[in-house]
Amino acid sequence: MADQSTPQPDEKTNLHPRNAHRNRYDFASLVKALPGLREFVSQNEHDDLSIDFTDPDAVKTLNQALLKQHYGVNTWDIPEGFLCPPIPGRADYIHYIADVLAEGNNGEVPTGNSIKVLDVGVGANCIYPLIGHKTYGWSFVGSEVDYIAAASAKKIVEDNGLAGAIEIRKQTTYANIFDGIIKPGEKFDMTMCNPPFHSSSKEVNEKSSRKWKNLGQDKGTDLNFGGRNNELWYEGGEPRFLNKMITESKQFARSCKWFSSLISKKTTLDGCYKSLDYYKAADVKTITMSQGQKTSRVLVWRF
């Protein structure tokens, strides 16, 4: 997340127009929604209310407040050490794939539980299904290979009475992405994924260390947003993971109208385009998203 100690514009115009988080965080309203946030809020050097975004507990509590205020999610928590996602950026992904679905619906974003989305690697936080269902009423299947993460996501779903809208499925092997999750005859309108984009734990630690130094702090390899190994890195990195996903997507071309994935590194795109060309994808889109100084992309394709 961006360092909020510096002046921020009143509106984050780089976020999707429908994103509920385009305005600056209204900490007074957030504290009203979740009183527990109060202990983390203070005035910064610019006399604005803010939190310490390097404090994992503060970031998690802010997420709880945002989810409660904007999406009516009353109970949300993650086990220690798991990825705590920045809500505005996650919401952007949902809105952009909604735009893709609108293209085949006379320009109107389709809503309701007849729209079925598969979130590959739903994580302990279950963030995409929560935002997607609460915003558009879509139904979700979230796949997860990690037992603890799958159990956490399932608990969030059950605690919020969303079992009829969000299903968590355990992937039994790291070797597969769609295989073993998509059932015979099952149809999805869209798949989505926030893949691990580092190639090793060493790369994760080096990047984290540089981040803290840039912030003028020495916290070694600690991550203020958390994250376990399978959430942050994959052998061969993002390019290998995406190549695997594209290869499997061809096998499930009749099961899904659209496939999509976040792409963190621009250099990953060329290899993806070559793979999609090899497998004769009928349509490929690249959507650029930005939050603060961070730029990422959503790659969308169909056969």
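Only this structure's heavy atoms are used, side chains among them; waters, hydrogens and symmetry mates stay out. Index from 1, following the sequence.
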### Query
Under 3.5 Å, is there a donor-acceptor pair between the side chain of D119 and the main chain of F140?
no

### Query
Is E248 paired with K250 through a side-chain N to carboxylate O contact shorter than 4.0 Å?
no

### Message
Could you check whether E103 pairs with K285 (Lys NZ or Arg NE/NH1/NH2 to Asp/Glu carboxylate O, under 4.0 Å)?
### Response
yes

### Task
Apply salt bridge (Lys or Arg N to Asp or Glu O under 4.0 Å) to K134 and list each qualifying residue two or more places apart in sequence or on a separate chain.
none

### Query
Taking atom types as modelled, is there a side-chain donor on T286 or Y273 under 3.5 Å from an acceptor on the other?
yes

### Query
Can you find a side-chain donor-acceptor pair between H133 and Y128 that sits under 3.5 Å?
no

#### Entry: F188 six-ring centre to K116 NZ/CZ under 6.0 Å and within 45° of normal
yes

### Query
If you draw the axis of the six-membered ring of Y147, does the NZ or CZ of K170 fall within 45° of it and under 6.0 Å from the ring centre?
yes

#### Entry: Any donor-acceptor N/O pair, D92 side chain to N19 backbone, under 3.5 Å
no

### Query
Do side-chain atoms of D283 reach the backbone of R302 as a donor and acceptor pair under 3.5 angstrom?
no

### Task
Start with the C-alpha distance between I94 and H16, add both sets of side-chain angles, then the distance that settles side-chain contact (heavy atoms from CB on, under 4.5 Å), and finish with yes or no.
CA-CA 10 Å; I94 291 289; H16 190 282; over 6 Å; no

### Task
For the pair F259 and F303, name the ring-plane relationship: parallel under 30°, tilted 30 to 60°, perpendicular over 60°.
perpendicular

### Task
Evaluate the ring planes of H21 and Y71, with Trp represented by its six-membered ring, and classify them as parallel (under 30°), tilted (30 to 60°) or perpendicular (over 60°).
tilted

